[in-house]
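What you are looking at is a predicted structure, and each value in this text was computed from that prediction instead of being measured. Residue numbering restarts at 1 for every chain, and letters A, B, ... go by the order of the sequence lines.
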Protein chains: 2
Amino acid sequence: MDFKTEFVPLTIQPQEIEDKSFQIITEELGEHSFSDDQYRVVQRVIHASADFELGRSLVFHPQAMEAGITAIRNGENIVADVQMVQVGISKDRLRKYGGDVHVYISDPDVMEEAKRLNTTRAIVSMRKALKETSGGIYAIGNAPTALLELIRLVKGGYAKPSLIIGMPVGFVSAAESKDELRKLDIPFITNIGRKGGSTVVVAAVNALSLLADKRG
Amino acid sequence: MDFKTEFVPLTIQPQEIEDKSFQIITEELGEHSFSDDQYRVVQRVIHASADFELGRSLVFHPQAMEAGITAIRNGENIVADVQMVQVGISKDRLRKYGGDVHVYISDPDVMEEAKRLNTTRAIVSMRKALKETSGGIYAIGNAPTALLELIRLVKGGYAKPSLIIGMPVGFVSAAESKDELRKLDIPFITNIGRKGGSTVVVAAVNALSLLADKRG
């Protein structure tokens with residue numbers, strides 16, 4: 001095959017594409033009341049979804065940004081609800097501070113326990129995470145049941161995450177789980193409504209680790 | 001920790017949640033002109049994004065559904081542009097027919113070659129995929145440059161995928177790459193506009209493999 005020989009070099013580099021994208025987002029979003037740090041998250045969420053409605057629907061607990069940045073700089077781990085979130089998160093910036101990303105939903109013991117209890121793997125994976133993680137950032141993009149279980153454990157005094165990023169997507173329980181999250185007085189980043197998903201949660205975590213890294 | 005003892009069994013099971021979600025989607029979407037098979041893809045895309053606008057923007061080449069289902073049943077491989085797509089796709093139904101999901105973007109030789117050519121890893125990964133895969137379904141959710149390169153290779157006669165699922169998200173080149181894809185006369189599934197992403201491409205592939213499996 002000789003298709004390589006026809007190769008036309010890129011006229012626009014990845015960093016330029018990102019810069020241009022962020023410029024378009026800032027122009028089209030217009031006025032907003034997010035802080036500068038919060039806006040970094042909003043911008044990356046819109047970048048990952050091309051959805052301004054979703055970006056505008058983000059809600060931040062007043063301590064969320066500081067708590068997330070501090071957790072990353074302290075090398076706390078990130079718990080992802082599903083593997084798509086786990087693989088999407090940039091690991092290099094976390095590992096620099098000693099942190100990593102863990103996901104428990106496909107662990108054999110989690111699968112067995114879920115079967116035994118007739119419940120979801122997502123729920124059991126949150127309980128396992130709690131045993132393995134102190135503090136930590138919980139990044140939930142897929143499973144409302146994971147988020148609801150985590151909220152229940154926080155309310156019961158069993159869990160004290162440094163930050164919960166809860167943006168599960170869906171038509172049953174997703175919006176409701178986020179409504180419950182917004183009632184907690186612990187650091188959270190979430191959004192209002194049905195939208196969300198793994199890619200936007202990944203975007204939020206990556207925005208946080210970039211901010212953490214900038215503090216130098 | 002005694003949080004397990006407080007466990008309240010689920011009142012709604014995952015399958016019920018999915019059924020209820022699909023019912024809501026069908027009700028809220030209302031009239032449409034998708035075929036029954038196409039609608040399975042649309043439904044799962046909306047389920048994964050909670051975005052009716054995105055669902056309605058899907059465009060199918062007339063042979064897309066048949067080509068995709070046949071490719072899966074023939075055990076052809078799926079090439080993902082990024083790892084998030086790779087991990088999200090349900091493998092069991094593919095492996096039943098001898099197929100699997102491959103992703104090349106983080107291969108050391110791809111990274112090296114991209115550096116040498118001053119181009120994106122996404123582009124080089126498509127060239128590697130072409131050498132390793134005959135036919136196949138290309139599932140592109142993230143990188144417009146991967147989709148543009150694949151289109152270039154198809155036009156040049158170097159590539160003949162069985163199906164291209166191209167729904168990269170973004171503000172620079174994403175919509176344009178999909179406009180180019182819709183001009184090809186080979187089977188494709190895409191959408192109009194900036195939206196898309198790994199989760200919706202995964203949803204489309206999983207819808208296809210469910211249809212393939214139903215043929216029994």
Problem - Listed partners of A/Phe60 passing ring pair (Phe, Tyr, Trp, His ring centres under 6.0 Å), at least two apart - result: A/Phe34

Using a 3.5 Å distance criterion without hydrogens, assess whether the side chain of [X] forms a donor-acceptor pair with backbone atoms of [Y].
X       : Y        : result
B/Glu76 : B/Gly136 : yes
B/Asn77 : B/Gly99  : no
B/Gln43 : B/Arg40  : no

Exercise for the section: Could you tell me whether the side chains of A/Asp213 and A/Tyr97 share a donor-acceptor contact shorter than 3.5 Å? Expected result: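 Judged by distance alone, the side chains do pair up.
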
Practice task
Determine the minimum heavy-atom distance between A/Lys91 and A/Val87, stating which atoms define it.
Solution key: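 The answer is NZ-O, 3.5 Å.
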
Exercise for the section: Could you check which of B/Gln86, B/Met84, B/Glu28, B/Gln83 has the highest count of heavy-atom pairs closer than 4.5 Å to chain A? Expected result: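 Of the candidates given, the most pairs with chain A belong to B/Met84.
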
Exercise for the section: Go through B/Leu54, B/Val82, B/Ile25 and name the one with the most non-hydrogen pairs under 4.5 angstrom from chain A. Expected result: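 Among B/Leu54, B/Val82, B/Ile25, the one with the most close pairs to chain A is B/Ile25.
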
Handout entry: A/Glu112/A/Lys115 ion pair, N-O < 4.0 Å
Key = no

Fill in the blank from the handout: Taken to the nearest 0.5 Å, the spacing of A/Ile151 CD1 from A/Arg182 CZ works out to 10.0 Å

Problem - Residues of residues 46-53 of chain B contacting chain A, heavy-atom criterion under 4.5 Å, by residue number - result: B/Ile46, B/His47, B/Ala48, B/Ser49, B/Ala50, B/Asp51, B/Phe52

Exercise for the section: Using a heavy-atom cutoff of under 4.5 Å, enumerate the residues of residues 185-200 of chain A that contact chain B, numbered in order, or state 'none'. Expected result: A/Arg194, A/Lys195, A/Ser198, A/Thr199

Handout entry: Test side-chain hydrogen bond (donor to acceptor under 3.5 Å, both in side chains) applied to B/Glu132 - qualifying residues, sequence neighbours left out
Key =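 With sequence neighbours excluded, B/Glu132 shows a side-chain hydrogen bond (donor to acceptor under 3.5 Å, both in side chains) to no residue whatsoever.
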
Handout entry: B/Gln15 side chain reached by B/Asp19 side chain, heavy atoms, under 4.5 Å
Key =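 Yes, side chains in contact.
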
